Amino acid sequence: MKIAVMQFPGTNCEHETLVAVKAVGMDGEIFRWNRSEGELSGFDGFFIPGGFSYQDRIRAGVIASKEPVMQALLEEAAKGKPIVGICNGFQILVESGLLPGTGKIDMALAQNVMVSKGKIVRRGYYCDWVNLRHDAPSKRCSGSFIMEQGSLLKIPIAHGEGNLVTTTPKLIERLNEQEQVVFRYCDRNGRVINEFPVNVNGSTQSIAAICNPEGNVLGMMPHPERSFFAWQLPSFDPRKQRPDAAGPGRRIFESVKRYIEVSA
Amino acid sequence: MGATVVATADPLRFGDPFGPKANKVRWVAEGVVDGIWQYGNALGVPNMAGDIVFNESFDDNCLVNVVSLGIVRRDQIIRSRAPPAAGEGGYDVILIGKPTDSSGLGGVTFASEALREEDEETNRGAVQIPDPFLKNVLFKANDDLFRLVREEGIEIGFKDLGGGGFTCATSEMGAAGGFGMEINLDDLHKADDFPPEVLSIAETQERFLIVSPPELRERILKIYNEHWDLPNVYEGARASVVGKINTGDRFTVSHKGEIVCDVPIQHLTGGIRYQREEKARVIELTEPDIPEPADYNQVLLKILKSPNIASREHVYRYYDTEVMGNTVIRPGEADAGLIAPVRGENFGVALAVDSNPFYGRISPYWGGATAVAEAMRNVAAIGAVPSTVTDCLNYGNPEKPEAFWEFREGVKGLSQACKDLWLKGHMGQAVPIVSGNVSFYNESPQGSVDPSPVIACVGIIKDIGKAITQELKAAGDKLFLIGPRFDELGGSEYYKTIFNVTGANVPIVRFDLERNMIYAVIDAIDEGLLAAAHDISNGGLAATVSEMALTRPAKLGFEIDLEKALGIGASASMRTDKILFSESSGFVLEAKPGKEERLLEILRGYCLDPMEIGIVTKKRRIVMKRASETVADIDLDEARAAWTSGLAEAMR
């Protein structure tokens, strides 16, 4: 089972993502953007990690989405192979038309706008730990394959542009109906409150992650690789006291592994 | 050096956000924070520590110090000098990175002058223009270079281009190896056809220099120009062979067929010895005669909201504190940040920064010594052993005898502290200062900045599972104070915020007491006796213990008795405000239940006088009494609103 962790100029989370891939027992390597795109067909799954690919020039993710390796990933996606885009990787998947999966650019991850009681209290980059609620059924999506619907995930975010917006009529309704909304921001009890700080970036309906209609492509703003070990958790989380234990984000990587096993 | 950068910290000093230059001060503060996050986040290095102090001495001259921490195996360190074989071997001089332009021309000279408003336009060109995107790609390409030379077992020289640009880096590399060098400026990749003097000293960012044997040339060029595709990643960026090392002793530069420079290389790098006069600054300060406040609730809320005490959350949420996935303790959770930079290993590296300009104003010596002591306390408060120190010494114009005196006093203070707070387990052996930086001429016609020897302390903890944080953990836990309260409120937050006076009794470092406190706290954490620890500094005991309740998740309150904070030998008549707000050094410790006896044993073993001052409560209130009389009693949410809004309101 071989995973390619994609690397564009400006990517900065590839090493810790590869650590997580290997820690759940998958083989993996970092795949530089200017390698031959034909090699990608030799991999069973793909992670597009976070960072600032091409410096966010024009828009976050747009230049990387035009690279030949991304065109090759469209073909791999069509074969049903799992692709998980994290943070900037999510932005790249949106720009490439892989998410929400209509082949067009139907939505955007816009600048964070933190709204509380009808007022904008802050904008832009934000780094903190948040809670996610898994809103898709289990086995709906490659990257959350082993997670039960309604289960919670503690995980950090670190982005300036994760505010999911769209002008496409009915898109959000369709995403809800087709169970393409994989994670929403929520409080520690799983309640979705569409206000800062629970909705940490102003995203429509507190959406933090979506998948394509087929479920093999997942885009998420939070960083599961930074929540992979219990020792990475914030100090007030009781699980931190067991430093050797697994962190909540590990389930994303285990899900991809399980998804590949099941699809094989 | 061949190290991987694993953390940064950013001690910042800005002017008075409520003073006559408030608008400019706030604009500068927001701009500096934007610059730090936009560069650091894109580069992909976590920001693990920092501090911000506002005071009017920085109205015209802010200080932006940034500490960077790297990790490298001792046997893989790469030196910034031409290696011994470079002369005979005719080694290449290879320049990599951004094309040389005219940015940052005279940057070091600019930074070494007092600022005058009318020079603003002329000075603009002296500012370097950084690009984190290119740096990110260069870092990865450099890793491939270091791997190549490790595999080949070949020693190279490697150096970052900083102040003084190309000439400085090349001549220093050559001279450090004892060789001469020929440079051809026509071979430099450049943004335009600049005159030779511009190419030689412009401080274009994101450039490095390699001195390497000719047999590696093609493979090195390939790493940068093909694998990492610099020319297509950034317009004009690449690796170019620009010169050769020789066995001579001259530094020769040619440009368009002409020799434009031919000097003995040592001439460029040898230092100049100055004779500076020094004269003690006459500092006329007295202790104020102030009435004791009637309403301590209001005083405490005002202090918690002060921009120098308030939560730093408004700023650190802009910083990526999690990238690299190594973060164990992040900003806001404790006195120091902690990373576990080597996967599969249990050890952690702690980082903290400190310097109090208000103390430096009263006594530049104690300003230096207290900065070292506090940075070391910060690291100890999470359980790490202070292992090394670095400094950035920020002072005024050293040509003025008083400013030079301040500088010398500051250096004496921090040197004394490093010697007398020696390395744990190595009695008498000073904590080493392994690197540093001096920044003079921090002044404008309105005066110079307060003496600011900014200290960063790096600590090591063997097991990250033992590290602790500052927030209160469980109702019923007992709170202990170590470090007696002295009448040391000179430069304190209390004097400044409540009475707008400086005072005279600056906190000093009692070296034996300080060292014993630091070691005792480390030992107690190592034995697993403490649930939380927080060091006492700005705002005194009152702010310190309040912060422990206010730090997330902020679910618990506390009740303390100030009468019990007096300890052995203290004057029983010490005024309540002085007990609360004296900035004498110390720690507040939350003991784990059942571990109190062993804790007291350890503390007493270090000749300390532990004071059991109170208890953690389920009731979410900050309660301070003296004997049976209530001094302060504040709802935790009200205190938290003050504490979390103070910095945002000062910066917006």
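Keep in mind the model is a prediction, meaning the values are calculated, not measured. A, B, ... follow the sequence lines: proteins, then strands. Residue 1 opens every chain.
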Return the [atom1] to [atom2] distance between [X] and [Y], rounded to the nearest 0.5 Å.
X: A/W231; Y: B/N346; atom1: CH2; atom2: CG; result: 10.0 Å
X: A/F8; Y: B/N136; atom1: CZ; atom2: CG; result: 13.5 Å
X: A/Y125; Y: B/W37; atom1: OH; atom2: CH2; result: 7.5 Å
X: B/I329; Y: A/Q232; atom1: CD1; atom2: CD; result: 13.5 Å
X: B/D229; Y: A/W33; atom1: CG; atom2: CH2; result: 6.0 Å
X: A/C127; Y: B/Y316; atom1: SG; atom2: OH; result: 10.5 Å

The single option from A/R226, A/H159, A/H223 that satisfies side chain to side chain donor-acceptor pair (under 3.5 Å) with B/D320 is A/R226

When every non-hydrogen atom of B/E333 is compared with those of A/P234, the smallest separation belongs to OE2-CA, 3.3 Å

Please indicate whether [X] has more than 12 foreign heavy atoms, meaning atoms of other residues, nucleotides or ligands, lying under 6.0 Å from its [atom1].
X: A/K66; atom1: NZ; answer: yes
X: A/R57; atom1: CZ; answer: yes
X: B/K555; atom1: NZ; answer: no

Considering only heavy atoms, which portion of [X] lies under 4.5 Å from any heavy atom of chain B: side chain, backbone, both, or neither?
X: A/V200; answer: neither
X: A/L233; answer: backbone
X: A/Q241; answer: neither

Is the shortest side-chain heavy-atom distance between [X] and [Y] below 4.5 Å?
X: B/H227; Y: A/R32; result: yes
X: B/V328; Y: A/K240; result: yes
X: A/F52; Y: B/N41; result: yes

Among B/W228, B/Y234, B/F133, exactly one meets side chain to side chain contact (heavy atoms under 4.5 Å, CB included) together with A/P9. Which residue is that? B/F133

When [options] are compared by non-hydrogen pairs under 4.5 Å with chain A, the top option:
options: B/G325, B/A467, B/P132; result: B/G325
options: B/E313, B/K135, B/R652, B/H314; result: B/H314
options: B/T327, B/V137, B/L43; result: B/T327
options: B/I468, B/V45, B/T321, B/N326; result: B/N326

Is a side-chain donor-acceptor pair under 3.5 Å present for A/S235 with B/E471? yes

Just by distance, with hydrogens left out, do A/N34 and B/E226 show a side-chain donor and acceptor under 3.5 Å apart? no

Could you walk me through whether B/E322 and A/W129 satisfy the side chain to side chain contact (heavy atoms under 4.5 Å, CB included) test, starting with their C-alpha distance in whole Å, then the side-chain angles of each, then the deciding distance to 0.1 Å, before giving a yes or no? CA-CA 10 Å; B/E322 312 292 325; A/W129 282 74; 3.4 Å; yes

Which bit of [X] is near chain A, if near means a heavy-atom gap under 4.5 Å: side chain, backbone, both or neither?
X: B/V323; result: both
X: B/N232; result: neither
X: B/F139; result: neither
X: B/L134; result: neither

Is it true that B/R330 and A/D128 make a salt bridge, defined as a side-chain N closer than 4.0 Å to a carboxylate O? no

Side-chain ion pair, B/K140 and A/E14, N-O less than 4.0 Å: yes

Just give me the residue among A/A158, A/G51, A/G10, A/S227 that pairs up with chain B most often, heavy atom to heavy atom, under 4.5 Å. A/G10

Best-contacting candidate, A/T11, A/D56, A/V19, against chain B by heavy atom pairs under 4.5 angstrom: A/T11

Is the cationic atom of B/R343 (NZ for Lys, CZ for Arg) positioned less than 6.0 Å from the six-membered ring centroid of A/F229 and within 45 degrees of its normal? no

